[in-house]
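Take a look at the structure set out below.
Index from 1, following the sequence. Ligands are counted one by one from 1 in listed order, and the atoms in each one are counted from 1 as well.
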Amino acid sequence: MQLLSDRILNMATSATLAMAAKARELRGEGKDIIGLSLGEPDFNTPDFIKEAAIQAINDDYNSYTPVDGYGELKDAIITKFKRDNGLTYAPAQIVVSTGAKQCLANIAGVMLNEGDEVILPCPYWVSYSDIVKLNGGVPVEVKTSIDTDFKMTAAQLEAAITPKTKMLWFSSPCNPSGSVYSEAELRALADVLVKHPNIYVVSDEIYEHINYKGGHASIAQFEDMYNNTITVNGVSKAFAMTGWRIGYIGAPEKIARACNKLQGQITSGANCIAQRAVITALNESPSKVQYMIDEFKVRRDLILDLLNDVEGFNTNTPDGAFYVFPNISHYFGKTLRGKTINNATDFSLYLLEEALVATVTGEAFGNPDCIRISYAASQEQIIEAIKRIKEAVS
Ligand code: PMP
Ligand code: GLU
């Protein structure tokens, strides 16, 4: 009998994590790798949050928490949703999980049956497709390009809907394209969705605060979408808390209760100390972390400026998150330093080997013409990385 399940054998390894591991391994061999593959702020968690965690340890928070999160944390999340997004949720609609990733896995686990279709505007975040497939769902990719700032139009959404469509999953600001849907663009998508009341939306807003043009909009803010939307958020990005592993959802109560039930059999409540720290983080004004967003904006402008000078890197202007997603198909079919580049994976590996810069192939995000470069790195590293890339492709 086969050792491993078909489920795991059919699943792809997370390309972001795989590239980060490869960069770590090469660094271990003494290679001077610049890691621009992982979407992870290079800032430390702010002191006021660290202090809350230390206080929680000293206050002997060490027991299992309620599966769906401490009551005080749910209250802080409810306050945050109201304050930042104009969304009203009751405690029974909130579930706290071990990162937004677990929120997404919970949602897929409680909502998908075999063959249910999930619309994924491309490029999408790397794990969406495999989380959907693991739970029996069928990803339906909707291609976009730089011409539409990598955003799906209402007409494209309409054309992708079939009787089997169960959900639409998207992130805004988007990982990996940095695109931000305006309120009007979301309304146009909502106008299509309201004609299909059996379709649910997963609105992944984890980059909400990392937005350089302001005006974050949540699709659940539209009254006619509220009951069909699961809003996903978390503290990894804006609060520089990736390793603390806290994410949360605001959802229709039936869905939240189902996520609670699933999580109760799989992981129980998220880490108690991290939950206490997040109460403090979310009760503060987002302006407390604006210094990080200001610095990301400087880096965004810097990397766009530098890439402008590299042949064959064609990018949109990302309005949020901390990635650029250049189209590098100019190099397909070309031979660089004896290596033939046939696709984005070849190109990303070429940059790793020849420029010692780690990026991620766009294939993992459903766009095989692009690579993703994270600029959550110091300005010095960004300058050096693009210099090396320029040399490696010239
Ligand atoms: N959604 C998006 C769009 C992401 O980029 C990430 C990456 N961390 C996640 C969800 C998962 O975040 P978390 O660290 O909260 O699991
Ligand atoms: N979300 C980040 C990224 O896209 C972190 C890695 C991951 O969780 O896949 O790189």
Side-chain angles (χ1 to χ4, degrees), residues 11-24 35-42 45 69 73 77 95-108 118 120-132 150 168-181 201-211 216 218 230-249 259 263 267 270-271 274-275 277-278 281-282 296 318 320-325 348 358-367 370-377:
M11 192 171 93
T13 299
S14 162
T16 49
L17 300 184
M19 199 57 164
K22 187 154 181 125
R24 224 175 277 133
L36 303 184
S37 58
L38 202 57
E40 159 153 86
D42 57 328
T45 304
L73 177 52
I77 291 167
V95 180
V96 177
S97 301
T98 301
K101 209 178 246 181
Q102 190 186 18
C103 297
L104 295 165
N106 282 347
I107 294 161
V118 178
L120 303 180
C122 299
Y124 48 77
W125 180 48
V126 63
S127 295
Y128 288 177
S129 168
D130 278 283
I131 290 175
V132 165
F150 291 116
L168 156 67
W169 286 26
F170 77 108
S171 61
S172 176
C174 174
N175 177 3
S177 67
S179 309
V180 175
Y181 283 83
V201 177
V202 169
S203 177
D204 181 345
E205 303 180 19
I206 196 160
Y207 293 95
E208 167 189 14
H209 296 304
I210 307 175
N211 177 333
H216 174 79
S218 301
I230 301 123
T231 307
V232 176
N233 212 320
V235 293
S236 284
K237 311 295 170 173
F239 295 94
M241 295 179 75
T242 49
W244 297 65
R245 312 304 305 126
I246 299 290
Y248 54 88
I249 58 167
C259 289
Q263 193 165 293
T267 55
N271 176 284
Q275 286 196 50
V278 173
L282 294 183
F296 285 136
F322 33 60
Y323 310 101
V324 281
F325 197 61
S348 174
T359 59
V360 186
T361 172
E363 280 174 38
F365 304 92
N367 186 324
C370 299
I371 59 166
R372 190 189 77 174
I373 308 177
S374 163
Y375 54 87

Quiz item: Y207 heavy atoms, cut-off 4.0 Å: which ligand 1 atoms fall inside?
Solution: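 Those atoms are 3 (C), 4 (C), 5 (O).
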
Quiz item: Which of the numbered atoms in ligand 1 are below 4.0 angstrom from a heavy atom of N175?
Solution: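 Result: 3 (C), 4 (C), 5 (O).
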
In this structure, does ligand 1 have an atom that sits under 4.0 Å from one of the heavy atoms of [X]?
X: D204; value: yes
X: R245; value: yes
X: Q102; value: no
X: G99; value: yes

Exercise. Could you list which atoms of ligand 2 come closer than 4.0 Å to a heavy atom of K101?
Key: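 Ligand 2 atoms under the 4.0 Å threshold to K101: 7 (C), 8 (O), 9 (O).
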
Self-check item: Side chain, backbone, both or neither: the part of S236 lying under 4.0 Å from ligand 1 by heavy atom
Solution: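 Near ligand 1, S236 shows its side chain, while the N, CA, C and O stay back.
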
Self-check item: Distance flag, aromatic centroids of F170 and Y128, threshold under 6.0 Å
Solution: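 Not under 6.0 Å, so no.
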
Quiz item: Quick check, are the ring centers of F150 and F325 under 6.0 angstrom apart?
Solution: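 Distance test on ring centres: under 6.0 Å, yes.
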
Practice problem: Look at ligand 2 and say whether S14 reaches it with a heavy atom at a distance under 4.0 Å. | Solution: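 S14: in contact with ligand 2 (<4.0 Å).
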
Exercise. Distance to 0.1 Å, residue and atom name: give those for the protein heavy atom nearest to atom 9 (O) of ligand 2.
Key: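 Here the nearest protein heavy atom works out to T16 OG1, 2.6 Å.
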
Practice problem: Report the nearest protein non-hydrogen atom to atom 1 (N) of ligand 2: residue, atom name, distance rounded to 0.1 Å. | Solution: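 Going by distance alone, atom 1 (N) of ligand 2 is nearest to K237 NZ, 3.2 Å.
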
Quiz item: Considering only heavy atoms, does L17 approach ligand 2 within less than 4.0 Å through its side chain, its backbone, both, or neither?
Solution: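 For L17, only side-chain atoms sit under 4.0 Å from ligand 2.
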
Quiz item: Which bit of N175 gets closer than 4.0 Å to ligand 2, counting heavy atoms only: side chain, backbone, both or neither?
Solution: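 Side chain only.
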
